[in-house]
Amino acid sequence: MLSSATNLNQGLRDFMQIIRNERDIEQGLAALLKIDPRLRPVAAEAGSLPLRLREPGFEGLAHIIVSQVVSRASADAIWGKMIAGMGQVTAEGYVGLEPEAWRSFGLSRIKHETLARVAEAVAGGSLDLPALSAESPEKALAELTSIKGIGPWTAEVYLMFCGGHADVFPAGDVALQAAVGMAFGHEVRPLAKAVAREAVVWAPWRSVAARLFWAYYAVKTRRDALPIV
């Protein structure tokens, strides 16, 4: 017989929404517009919402980490060198690199050390990235951010765009803060805590709300601020 804790966890997984295709985005947006009618003019102006989903695993998280550099061009160049040097970017492959190989990729020491810690955790079995899709957002975020170098934004973006979590909102994202402020008439950009409080009402579709506000920001500013994944 399953324990009460096991039943609770199974029930949570059954309840959780997982985003895997455009239909899930459409379902989430329809729900959001019922939950919070203030979003209707935002959605009307934002247009179609991007899915931009990668398979869960080391490669997806590594790409998000690498992409957090000065420019998109720099990120693309570094990733291209990693592909050229490794073929497929895997945890086992990264662990097996020559000690100074990261320099030839153009990685900073900090990013290399973060990637190395993630790779060792994945290859050693202490971090199961695909399995995070079935965990609650809170537990999955805690597991990811327990690794030095993985901050909340990185973890949230991974869970959204690789894990398929439907109820994650990266409130620390400056573009999201700006978009929420523009949509709701704030004179100054709201801080992360205020945006996080605002986003509570959008559960269990906060990841769709984030996509909505990124799309809205792009229309308003003519700049794409969607995370590179």
Problem - Flag side-chain contact, heavy atom, 4.5 Å: Val118 against Leu144 - result: no
Problem - Identified side-chain hydrogen bond (donor to acceptor under 3.5 Å, both in side chains) partner of Tyr94 from the options Glu59, His112, Glu120 - result: His112
Exercise for the section: Drop me the distance from Asp167's CG to Glu138's CD, to the nearest 0.5 angstrom. Expected result: 7.5 Å
Exercise for the section: Would you please classify the geometry between the Trp79 ring and the His63 ring as parallel, tilted or perpendicular, with 30° and 60° separating the classes? Expected result: perpendicular
Handout entry: Verify same cluster id: Tyr216, Phe184 (apolar side-chain graph, 4.5 Å)
Key = yes
Exercise for the section: Say whether, by atom type as modelled, one donor and one acceptor occur between the side chain of Ser207 and the main chain of His165 under 3.5 angstrom. Expected result: yes
Exercise for the section: Determine the minimum heavy-atom distance between Phe105 and Gly85, stating which atoms define it. Expected result: CE2-CA, 4.3 Å
Handout entry: Minimum heavy-atom distance Gly172-Ala192, with the two atoms named
Key = CA-CB, 4.0 Å
Exercise for the section: Quick one: pull up CE in Met182 and OG1 in Thr221 and give me the separation to the nearest 0.5 Å. Expected result: 6.0 Å
Completion exercise
Of all heavy-atom pairs linking Ala91 and Ala123, the shortest is CB-N, 4.1 Å
Problem - Path from Val157 to Val174 over hydrophobic side-chain contacts below 4.5 Å - result: no
Practice task
For Ile83, look at atom CD1 and say whether over 12 heavy atoms of other residues, nucleotides or ligands are found less than 6.0 Å away.
Solution key: yes
Exercise for the section: Run the numbers on Tyr158 and Leu129 for side-chain contact (heavy atoms from CB on, under 4.5 Å), then give the verdict. Expected result: CA-CA 10 Å; Tyr158 172 82; Leu129 288 171; 3.3 Å; yes
Practice task
State the CG-CD distance between Leu176 and Glu198, to the nearest 0.5 angstrom.
Solution key: 12.5 Å
Handout entry: Sub-4.5 Å side-chain heavy-atom contact between Val195 and Pro190
Key = yes
Handout entry: Transitive ILVMFWY side-chain link Ile228 to Val89, under 4.5 Å
Key = no
Handout entry: Minimum heavy-atom distance Ala209-Leu32, with the two atoms named
Key = N-CD1, 3.4 Å
Completion exercise
Here the gap from Ser146 atom OG to Leu127 atom CG, rounded to the nearest 0.5 Å, amounts to 7.5 Å
Exercise for the section: Indicate yes or no: at least one non-hydrogen side-chain atom of Cys162 is less than 4.5 angstrom from one of Ile64. Expected result: yes
Handout entry: Glu98 atom CD: more than 12 heavy-atom contacts under 6.0 Å
Key = no
Practice task
Report yes if some heavy atom in the side chain of Leu226 is under 4.5 Å from a heavy atom in the side chain of Phe161; otherwise report no.
Solution key: yes
Handout entry: Backbone of Ala121 reached by a side-chain donor or acceptor of Ser126 within 3.5 Å
Key = yes
Handout entry: Side-chain donor or acceptor of Tyr217 paired with backbone N/O of Val180 under 3.5 Å
Key = no
Practice task
May I ask you to decide if the ring planes of Phe213 and Phe169 are parallel, tilted or perpendicular, using 30° and 60° as cut-offs?
Solution key: perpendicular
Practice task
Any chance you could lay out the side-chain contact (heavy atoms from CB on, under 4.5 Å) test for Ile65 and Ile150, step after step, and finish with the verdict?
Solution key: CA-CA 8 Å; Ile65 293 169; Ile150 302 293; 3.6 Å; yes
Practice task
Report yes or no: does Arg52 contribute a side-chain atom to a donor-acceptor pair with the main-chain N or O of Pro227 at less than 3.5 Å?
Solution key: yes
Problem - Distance-minimising heavy-atom pair for Arg206 and Ala199 - result: CD-O, 3.1 Å
Exercise for the section: Measure the shortest side-chain to side-chain distance between Leu212 and Val42 over non-hydrogen atoms and say whether it is less than 4.5 angstrom. Expected result: yes
Problem - Leu51 side, atom CG; Glu26 side, atom CD - distance, nearest 0.5 Å - result: 10.5 Å
Handout entry: CD1-NZ distance between Ile110 and Lys148, expressed to the nearest 0.5 angstrom
Key = 9.0 Å
Practice task
Determine whether Leu61 and Trp153 fall in the same hydrophobic cluster, where Ile, Leu, Val, Met, Phe, Trp and Tyr are linked whenever their side-chain heavy atoms lie under 4.5 Å apart.
Solution key: yes
Problem - Side-chain heavy-atom pair Asp24, Val208 within 4.5 angstrom cut-off - result: no
Exercise for the section: Identify whether the distance between the nearest side-chain nitrogen and carboxylate oxygen of Glu45 and Lys220 falls below 4.0 Å. Expected result: yes
Handout entry: Backbone N/O of Pro50 and side chain of Arg211: donor-acceptor pair under 3.5 Å
Key = yes
Handout entry: Minimum side-chain heavy-atom gap Trp102-Glu113 below 4.5 Å
Key = no
Exercise for the section: Would you mind reporting whether Lys111 and Gln68 have side-chain heavy atoms less than 4.5 Å apart? Expected result: yes
Practice task
Could you tell me which non-hydrogen atom of Gly149 sits nearest to which non-hydrogen atom of Thr114, and how far apart they are?
Solution key: CA-OG1, 3.5 Å
